[in-house]
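Got a structure for you, questions after.
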Amino acid sequence: APGNRRAHPAWIREPMHSATHRALRFLIAACTGCAVMVSGFFGWYLQPLISADIEYERLRAFCKPMDPNAIDNRSNSRENGHDAEDAGAPPRLSSELLENSRHIDWDALSTINKDVIGWIYVPNTPIDYPIVQAPENDSEKYLRTTFEGSVAYPNNQGTIYLDSDNADDGLFSSAPVIYGHYQLNGSMLSSFSKNDSVDELSRHDQVFLYTPTTMFHVELFAGNIVDASTEKIKTSFTSRQALASWIKEKLDESEAVLYRPSSIDQLFTFVTCSYSRWKDQRTLTYGMVIESASAEAVEYYSADEPASVD
């Protein structure tokens, strides 16, 4: 009766109160569900990146910079003429090679992954990784597989690798092509993604490559963005003239050119993704060897005690 409703106003408010509680409970449940989904998504997306970062940091224990004090001691002894009587002493190394020399446990690395062929280090960037040779029967294996063999989707860092077409001569090919992912956390070859800018390229234009037998000092001289769906990349040349012609063509197309090499015997091309113009955009960075030395020479001039040189 109307009188009862006036006498018991809670009778009117109760349904509203319950409806409010139900709406609040629904909102809390929805927010909780969204939070769980978002955290799950980011965990799914970021976990491979985090795991790979931990893996590659672990691998760096097998690639240690030489002791600066040992380098200074050995270099000073050479400067003072102590090697004058050592007819077997290797040619003197530049300060750049010495300062960036590494002691690498190739046996340990090859035990983990038999495809290892080298190591890449680029000062002023996070680039400090092993390089593997892509198998000829699975040329894109290392796009999705880390050095230790981990495979994850969608954000696996993979491994920096040499084109399968370079398998015969490896990093000694006339035109080695090295691939590495672009990642949001800046890992792998991400630092090269903006090398179509002169300012960016000039910040990290020195690259050091190491193999079991040789250390290369590579200088980057140009960067270019391309559409991967149409661009062709060369992995070998039949003559120096063919190489020179190709370089001229690439330099004419490049957005960033630090200089034009007057003479070159070997062209290094570094490839990573970049996303500004095309869906399948890649940044290509070109470099040439300006100095190299045998692993024995590097060890000889950077060890506390000279390594034997036959």
Side-chain angles (χ1 to χ4, degrees), residues 36-63 104-122 125-168 170-171 173 176-193 207 209-212 226-229 231 233 235 268-275 278-285:
V36 170
M37 290 176 64
V38 169
S39 62
F41 171 79
F42 279 104
W44 169 72
Y45 187 79
L46 295 177
Q47 188 276 331
L49 281 178
I50 296 170
S51 297
D53 279 345
I54 294 171
E55 173 185 326
Y56 285 113
E57 187 59 37
R58 182 166 58 243
L59 291 169
R60 291 184 186 108
F62 301 117
C63 181
I104 302 176
D105 190 339
W106 295 108
D107 290 337
L109 289 172
S110 62
T111 298
I112 298 170
N113 189 325
K114 63 180 178 57
D115 291 332
V116 64
I117 58 166
W119 193 282
I120 180 172
Y121 167 64
V122 183
T125 77
I127 300 173
D128 191 6
Y129 297 101
I131 304 172
V132 294
Q133 175 63 65
E136 293 181 271
N137 62 351
D138 189 1
S139 61
E140 295 187 352
K141 172 183 177 179
Y142 287 106
L143 278 176
R144 58 186 183 274
T145 308
T146 66
F147 189 85
E148 293 181 357
S150 175
V151 179
Y153 182 85
N155 215 13
N156 197 314
Q157 288 193 19
T159 311
I160 293 177
Y161 68 93
L162 185 66
D163 196 295
S164 60
D165 287 344
N166 291 127
D168 287 344
L171 291 170
S173 304
V177 179
I178 298 172
Y179 299 86
H181 276 301
Y182 167 84
Q183 298 285 16
L184 293 176
N185 67 350
S187 60
M188 308 314 285
L189 292 187
S190 299
S191 298
F192 285 178
S193 65
V207 177
L209 299 172
Y210 314 82
T211 78
V226 301
D227 183 348
S229 64
E231 181 74 10
I233 295 177
T235 57
F268 279 86
T269 304
F270 300 88
V271 184
T272 192
C273 295
S274 54
Y275 304 99
W278 300 290
K279 177 182 177 182
D280 293 325
Q281 181 173 302
R282 302 291 184 271
T283 299
L284 308 184
T285 306

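The analysis underlying the following values was restricted to heavy atoms, covering all of them including side chains, and did not include hydrogens, waters or symmetry mates.
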Calculate, to the nearest 0.5 Å, the distance between atoms CG and CG belonging to Asn185 and Asp53 respectively. 5.0 Å
Nearest 0.5 angstrom please: Ile178 CD1 to Phe270 CZ, how far? 4.5 Å
Taking the side chain as every heavy atom from C-beta outward, state whether Asp115 and Lys141 have any pair of such atoms under 4.5 Å apart. yes
Over all heavy atoms of both residues, which pair between Met188 and Gly158 is shortest? Give the atoms and the distance, please. CE-O, 3.8 Å
Taking atom CD of Glu140 as the centre, does the number of heavy atoms from other residues, nucleotides or ligands within less than 6.0 Å exceed 12? no
Is there a side-chain hydrogen bond (donor to acceptor under 3.5 Å, both in side chains) between Ser190 and Gln183? Walk through the geometry before answering. CA-CA 6 Å; Ser190 299; Gln183 298 285 16; over 6 Å; no
Quick check: do Pro126 and Ser191 have side-chain heavy atoms less than 4.5 Å from each other? yes
Salt-bridge test for Arg60 and Glu57: reply yes if a basic N is under 4.0 Å from a carboxylate O, no otherwise. yes
Do Tyr56 and Pro130 make a side-chain contact, defined as non-hydrogen atoms from C-beta onward lying under 4.5 Å apart? yes
Is the shortest heavy-atom distance from the side chain of Cys273 to the side chain of Arg282 under 4.5 Å? yes
Determine yes or no for a side-chain-to-main-chain donor-acceptor pair under 3.5 angstrom, with Asp280 supplying the side chain and Ser229 the backbone. no
Does the side chain of Glu148 reach to within under 4.5 Å of the side chain of Leu59, using non-hydrogen atoms? yes
Please state whether the rings of Tyr142 and Tyr161 are parallel, tilted or perpendicular, taking 30° and 60° as the class boundaries. tilted
Calculate, to the nearest 0.5 Å, the distance between atoms OG and CZ belonging to Ser173 and Phe268 respectively. 8.5 Å
Any idea which heavy atoms bring Leu162 and Pro176 closest together, and the distance? CD1-CB, 3.8 Å
Check Glu136 against Ser164 and note the closest heavy-atom contact, atom names and distance. CG-O, 3.7 Å
Minimal heavy-atom distance between Thr125 and Ile127, with the atoms involved, is OG1-N, 3.0 Å
Flag the pair Tyr121 / Tyr210 as yes when their ring centroid distance falls below 6.0 Å, and as no otherwise. no
Got a donor-acceptor contact below 3.5 angstrom from the Asn166 side chain to the Val177 backbone? yes
Taking all atoms of both residues into account, what is the closest heavy-atom pair of Ile160 and Gly180, and its distance? CG1-CA, 4.3 Å
Evaluate side-chain contact (heavy atoms from CB on, under 4.5 Å) for Phe192 paired with Val207, printing each intermediate quantity in order. CA-CA 11 Å; Phe192 285 178; Val207 177; 4.2 Å; yes
Roughly how far apart are Leu171 CG and Ile117 CD1, rounded to 0.5 Å? 4.0 Å
Mind checking whether Tyr182 and Thr283 have side chains closer than 4.5 Å, heavy atoms only? no
Rounded to the nearest 0.5 Å, what separation is found between the CH2 atom of Trp119 and the CG atom of Leu109? 6.0 Å
Heavy-atom distance under 4.5 Å between the side chains of Tyr179 and Leu189, does that happen here? no
Locate the shortest heavy-atom distance separating Trp106 from Pro212; write the atom from each residue and the value. NE1-CA, 3.4 Å
When rounded to the nearest 0.5 angstrom, what distance separates CD in Gln133 from OG1 in Thr159? 12.5 Å
